[in-house]
Undergrad: 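I am attaching a structure below and will ask some questions about it afterwards.
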Amino acid sequence: MSANISTSTIVFQTRQLTKRYDMGEVQVQALRGVDMELYSGELVVLLGASGSGKSTLLNILGGLDVASSGQVSYLGRDLTRATDKELTEYRRFYVGFVFQFYNLIPSLTALENVAVVTEIARQPMQPAAALALVGLQDRLDHFPAQLSGGQQQRVAIARAIAKIRRSCSVTSQRVR
Amino acid sequence: MTALDSKLWRDLWGLRGQAIAIALVIASGIATFVMSLSTLDSLLTTQALFYRDYYLPDVFASLKRAPDSLKTRIQAIPGVELVETRVVAAVNLDVEGFTDPVTGNLVSIPDQGDPLLNRLHLRQGRLIAAGHDDEVVISEAFAKAHHFSPGDTLRATIHGRRKTLTIVGIALSPEYIYQISPGAIFPDFKRYGILWMGHTPLATAYNMEGAFNDVVLTLSPHTHVAAVIDRLDELLKPYGGLGSYGREHQLSYRYLKEEFHQLRQMATMFPVIFLGVAAFLLNVVTTRLVSTQREQIAALKAFGYGQFAIAVHYLKLIIVIVVFGVILGIAGGIWLGQGLSQLYMELYRFPFLRYELQPQVIFSAMVISIGAAMIGTLFAVREAALLPPAQAMRPEPPARYRETLLESLGLKRYFSQPTRMIARHIERKPLKSLMTILGIAFACAIMTIGNFQQDAIDFMMEVQFNLAQREDATVTLVEPSSYTVLYDLQSLPGVQFGEVFRSVPARFRFQQRSYLTAVQGVVANSELQRLLDTQQRVVTIPPEGIVLTDYLGKLLGIQVGQLLTVEVLEGSRPIRQVPVVGFISQYVGVSGYMDLPALNRFMHEGEVISGVYLTLDTQQTEPVYAAIKEMPRVAGMVVKKMLFKVFTIPLGKLS
């Protein structure tokens with residue numbers, strides 16, 4: 001984990017964060033007591049072997065999953081105690097995701113894939129503008145199946161940046 | 001349109017084959033529902049209007065003969081509003097170019113003007129005119145069957161006398177919405193008709209001058225019908241009253257009521273099956289859809305769509321399919337309902353039909369289908385809504401399987417790999433497997449119901465007309481007579497065998513229950529009228545006691561060995577208690593059976609018969625029919641073959 005020390009505000013803070021998965025007969029310990037702080041304006045790269053818990057940590061930071069124990073806060077708000085509804089709102093207004101496999105909705109065009117996010121966000125960008133930012137202004141009406149892997153990835157990035165005009169936090173995962 | 005709604009429509013387009021199939025199943029259920037209920041409502045409204053506007057009486061009574069002066073005493077019964085006395089007579093008819101026996105019912109109407117009750121709705125021509133004693137108005141069904149129009153003539157044998165009648169009008173009556181000859185099980189408009197004739201000429205022809213043999217009355221609102229019936233029976237007793245009855249026992253009214261009951265059943269049974277299948281199919285489709293869209297659902301959740309939004313999204317998809325099915329079903333139901341109502345109108349001879357589609361029927365159709373769909377898809381939608389996004393983001397873990405019960409019992413080595421896969425798959429999701437079995441069962445049920453009904457009718461016909469009633473024709477006499485009629489009939493060329501019977505109208509009473517029917521006197525070891533038990537074995541009637549049809553036994557709540565009170569409504573009207581000695585199974589008709597000599601003794605009469613069953617030489621039926629028509633003592637003749645034939649003709653072709 002690399003951290004760019006800055007004097008600006010702490011965005012994420014975790015304390016003794018653990019995550020266990022119960023896989024039937026087997027129990028998998030994905031995170032063991034993670035302590036970290038992430039600051040505003042910081043670019044953080046998380047590296048690790050497969051199965052080391054990168055996705056798990058990002059899922060918890062992004063409000064997609066909840067920790068088994070420990071604490072995680074976003075701008076001082078305790079995410080570990082948030083209800084399902086609060087987590088949904090958190091994801092809707094503060095988090096942008098670029099998924100490992102993009103998770104584009106195959107029945108929607110590039111523009112609509114971005115609109116799915118902007119339609120429920122506060123003060124979002126225009127979907128077309130977000131796509132222009134990633135150089136896809138000519139592919140607005142293409143369905144995912146008509147786009148290359150790289151183009152699909154760019155749609156996923158446009159989708160993540162479109163909802164937040166003043167970027168608060170973008171969690172992204174891409175492991176190959 | 002939101003992007004999510006765009007997804008919905010495109011998903012639907014992708015599923016269009018399955019969606020249309022499910023919508024069609026829903027449409028079938030809803031169409032049956034709307035068809036049955038709208039037809040029922042239409043018939044109920046039409047019936048009520050027809051009864052009201054054309055004055056269907058509240059109480060009906062037949063008797064042997066009473067002087068006209070009795071009318072004022074009937075009028076004086078408290079609660080009685082309108083009274084009409086009539087002469088009603090069975091008649092044998094001769095229709096030119098039609099050799100089969102034709103019988104009819106002649107009903108008197110005032111010599112001029114409309115009857116007070118059972119008013120006629122004229123379809124063609126006019127009512128009879130005073131002073132023309134050969135004029136008749138005939139029922140529309142009969143007229144249509146023979147293409148009669150005003151001006152045509154018919155020959156009739158009334159009370160042994162021949163008369164030529166001129167048709168002046170064709171009409172409908174609320175009393176004969178369902179027109180069926182006594183003893184028949186299905187209407188035969190070619191061989192049975194209703195004729196209305198002026199009171200004076202009919203009374204003259206029937207030796208009923210200054211007298212009547214039928215009376216109908218209406219009651220003021222809130223009158224106790226049973227009390228009036230008791231008083232009327234008391235009044236008519238000395239005049240050979242055959243027992244009065246209210247609307248619920250009137251033939252036409254009763255048939256309609258039965259028909260309404262069947263429609264109501266149809267409105268429940270078929271939609272339940274169809275909607276059950278639809279719910280199951282929706283469950284399969286939605287479960288599969290949610291499973292294939294796991295990652296999309298996860299993404300949507302990651303973007304901030306809540307559980308409710310996800311649930312609504314999938315519910316919308318289901319509702320679109322259901323609403324499409326319901327709209328199609330309602331439209332189909334209205335179309336079928338109108339067709340069915342039209343068919344009923346033909347069969348029942350309503351003068352008009354008010355097709356009625358009540359808003360609550362449509363509302364119920366909507367609620368029931370959406371309800372069924374929601375129940376069917378509840379689990380799948382819930383699963384979608386509650387899907388944890390982080391978990392859904394990962395590819396679905398391999399499903400958990402275990403060795404099946406059969407395998408753990410040591411039978412594993414007998415199973416090939418594919419068999420193991422099948423067995424484990426079935427056992428892994430027992431509920432799903434059960435639902436699949438249920439779905440297939442419902443599908444089979446739909447197929448079976450249709451075939452079963454036809455088979456049931458065929459079986460009923462076979463038992464009734466081949467095993468029990470083995471005669472070719474039944475001749476009924478004007479009055480109970482001696483055995484000489486049998487000898488006369490047997491001497492006709494073409495008659496192979498004859499067997500007498502006695503039929504006595506009676507009211508059966510047991511405890512507080514009673515039933516108006518007849519006691520049939522049957523000869524010992526009868527060849528032509530065999531009584532059968534539920535296994536179709538012949539039941540012999542003991543020399544004493546009475547045998548009842550099992551249905552009548554249930555109706556009266558009587559057991560073998562108990563005493564049944566039989567109140568005879570003919571002759572010296574004896575009232576006696578007779579032990580019930582057994583039950584027989586009979587699919588058509590409700591009556592009691594006694595040994596013929598025992599019935600004669602019961603009636604304090606000699607060797608008297610009401611009619612004769614005949615078997616005929618198939619090559620010589622026509623001369624037999626012609627000869628029997630000429631016999632003055634014969635009231636009517638029913639040919640079994642004709643009953644059978646009518647029964648197998650589709651309803652729509654009856655008119």
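Convention: sequence-line order gives letters A, B, ...; per-chain numbering from 1.
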Undergrad: Any donor and acceptor pair, going by atom type alone, linking the side chain of A/Arg91 with main-chain N or O of B/Gly304 inside 3.5 Å?
TA: no
Undergrad: Do other residues, nucleotides or ligands put more than 12 heavy atoms under 6.0 Å from the CZ atom of B/Arg16?
TA: yes
Undergrad: Heavy-atom distances under 4.5 Å only: say whether B/Tyr305 touches chain A with side chain, backbone, both or neither.
TA: both
Undergrad: Heavy atoms only: give me the nearest B/Met1-A/Glu119 pair and the separation to one decimal.
TA: O-OE2, 4.3 Å
Undergrad: If we ignore hydrogens and angles and just use 3.5 Å, is the side chain of B/Arg10 paired with the main-chain N or O of A/Ser107 as donor and acceptor?
TA: yes
Undergrad: A quick test of your reading: do over 12 heavy atoms of other residues, nucleotides or ligands sit less than 6.0 Å from CD of A/Gln126?
TA: no
Undergrad: Under a 4.5 Å heavy-atom cutoff, which of B/Ala302, B/Gly306, B/Ala299, B/Gly14 has the most pairs with chain A?
TA: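 Highest number of heavy-atom pairs under 4.5 Å: B/Ala302.
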Undergrad: Are A/Leu108 and B/Leu4 packed together at the side-chain level, in the sense that at least one heavy-atom pair is separated by less than 4.5 angstrom?
TA: no
Undergrad: Crowded around B/Arg428 CZ? As in, over 12 foreign heavy atoms under 6.0 Å?
TA: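 Counting neighbours around CZ of B/Arg428, more than 12 heavy atoms of other residues, nucleotides or ligands fall under 6.0 Å, so yes.
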Undergrad: Evaluate whether atom CZ of B/Arg288 has more than 12 neighbouring non-hydrogen atoms of other residues, nucleotides or ligands under 6.0 angstrom away.
TA: no
Undergrad: Of the non-hydrogen atoms in A/Ile120 and B/Phe303, which two are nearest, and what is the gap between them?
TA: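 Reported closest heavy-atom pair: CD1-O, 3.5 Å.
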Undergrad: In terms of heavy-atom proximity below 4.5 Å to chain A, should B/Gln307 be classed as side chain, backbone, both, or neither?
TA: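 The side chain, not the backbone.
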Undergrad: Begin with the C-alpha distance, continue with both residues' side-chain angles, and end with the deciding distance and a verdict on side chain to side chain contact (heavy atoms under 4.5 Å, CB included) for A/Ile105 and B/Leu300.
TA: CA-CA 9 Å; A/Ile105 293 169; B/Leu300 289 172; 3.7 Å; yes
Undergrad: For A/Leu104, does its backbone N or O pair with a side-chain atom of B/Gln296 as donor and acceptor, under 3.5 Å?
TA: no
Undergrad: Side chain, backbone, both or neither: which part of A/Asn113 has a non-hydrogen atom closer than 4.5 Å to chain B?
TA: neither
Undergrad: Please classify the contact between A/Glu89 and chain B as side chain, backbone, both or neither, with a heavy-atom cut-off of under 4.5 Å.
TA: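 When you check distances to chain B, no heavy atom of A/Glu89 falls under 4.5 Å.
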Undergrad: Measure from the side-chain N and O atoms of A/Asn103 to the backbone N and O of B/Glu295, and report whether any donor-acceptor pair falls under 3.5 Å.
TA: yes
